[in-house]
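Comments concern the structure below.
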Protein chains: 2
Amino acid sequence: MSRAATTSDVFNAIAEPRRREIIGLLAGGQARSVNDLVEAMGLAQPAVSKHLGVLREVGVVSVQQDGQRRLYSLNASELKAVHDWASQFERFWSIHVDRIKERAERKAAEVAKKN
Amino acid sequence: MSRAATTSDVFNAIAEPRRREIIGLLAGGQARSVNDLVEAMGLAQPAVSKHLGVLREVGVVSVQQDGQRRLYSLNASELKAVHDWASQFERFWSIHVDRIKERAERKAAEVAKKN
DNA sequence: GAATAATATTCCGATACAGGAATATGTCAA
DNA sequence: TTGACATATTCCTGTATCGGAATATTATTC
């Protein structure tokens, strides 16, 4: 047979360094135009548009028309899947931190109950 | 020109569903032989070996010889990079939780200082 | 050493896909 | 409408890569 997985899922979308770069640039919270991104990365406009297309299809990014430009903004909730998946293994690299966190949360819960 | 990024990074490694499946199968903590994995997934041995090769190169998986079989085990710390990257956006989908966590950690620090 | 079992590697065909170049589409302003 | 600007799409080329089939390698046992 041929190749296996289609391109349309979050994990594939973030596999590309350039796309992670775009996500990083939008992480500020402000919407940015395509040309803005083109200048920020050292990449040609068609390439950027194509990457944005992939991110758009997956839902990681959303568009908003602003005159003749298109403002892209991050839809970070779509990255939750990645975070959740990776969190599954958190215990492997930080048992200590986990315990500290648990203690902290327990204490906070107690405090919250008091107030 | 051609393609951009080399295949040898964690994000690319986990882009493949089959490879994530392997990681999931090894998440129990026990090392498993190739044949074991072959049976667990519905995939031919060469394909599994190849995926294991990719994961090995990235360091997500490590091998241990056991007689004529090779036991693969998860090296989950290599997935920390993914987790860290995704954590960067945690605030977007859970502002509440963040605030609670911050408060909790602050409070825990105070308590720790007192003791 | 020969046979066997477990795993890795090589070769192959089909497809995915990144980036460049050229072009199309869309939006505004005069 | 025309012109200018912003963005998307198409076409192309080179490469990456998945999975299957066949084969090579390594380890064990007799």
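Computed over heavy atoms, backbone and side chain alike; hydrogens, waters and symmetry mates excluded. Letters A, B, ... are given to chains in the order of the sequence lines, protein chains preceding strands, and every chain is numbered from 1.
- Of the candidates D:dA8, C:dT27, C:dA6, C:dT27 carries the atom nearest the A:Gln65 side chain, counting heavy atoms from C-beta on.
- Contacts between residues 20-30 of chain B and DNA chain D, defined by a heavy-atom separation under 4.0 Å, are absent.
- Residues B:Val63 and B:Arg56 come closest through the heavy atom pair CG2-CD, 3.5 Å.
- Closest to the side chain of A:Gln68, out of D:dA8, D:dC5, C:dA18, is D:dC5.
- Judged purely by atom type and a 3.5 angstrom limit, A:Arg70 has no side-chain atom pairing as donor or acceptor with the backbone of A:Gln64.
- In this structure, the nucleotide among D:dT7, D:dA4, C:dA8 sitting nearest to the side chain of A:Asn35 is D:dT7.
- At least one side-chain heavy atom of B:Val34 sits less than 4.5 Å from a side-chain heavy atom of B:Ser49.
- Side-chain atoms of A:Ile23 and B:Phe89, non-hydrogen and from C-beta on, do get closer than 4.5 Å to each other.
- Position along DNA chain C of the nearest nucleotide to A:Leu43 versus A:Asp66 favours A:Leu43 as the more 5'-ward residue.
- The stretch residues 45-52 of chain B touches DNA chain C through B:Gln45, B:Pro46, B:Ser49, B:Lys50, each having a heavy atom under 4.0 angstrom from the strand.
- In terms of heavy atoms, A:Arg19 sits closest to A:Asn12 at NH2-O, 3.5 Å.
- Nearest heavy atom pair, residue A:Leu74 against residue A:Val60, reads CD1-O, 3.5 Å.
- Separating the CE atom of A:Met41 from the P atom of C:dG19 is a distance of 8 Å, rounded to the nearest angstrom.
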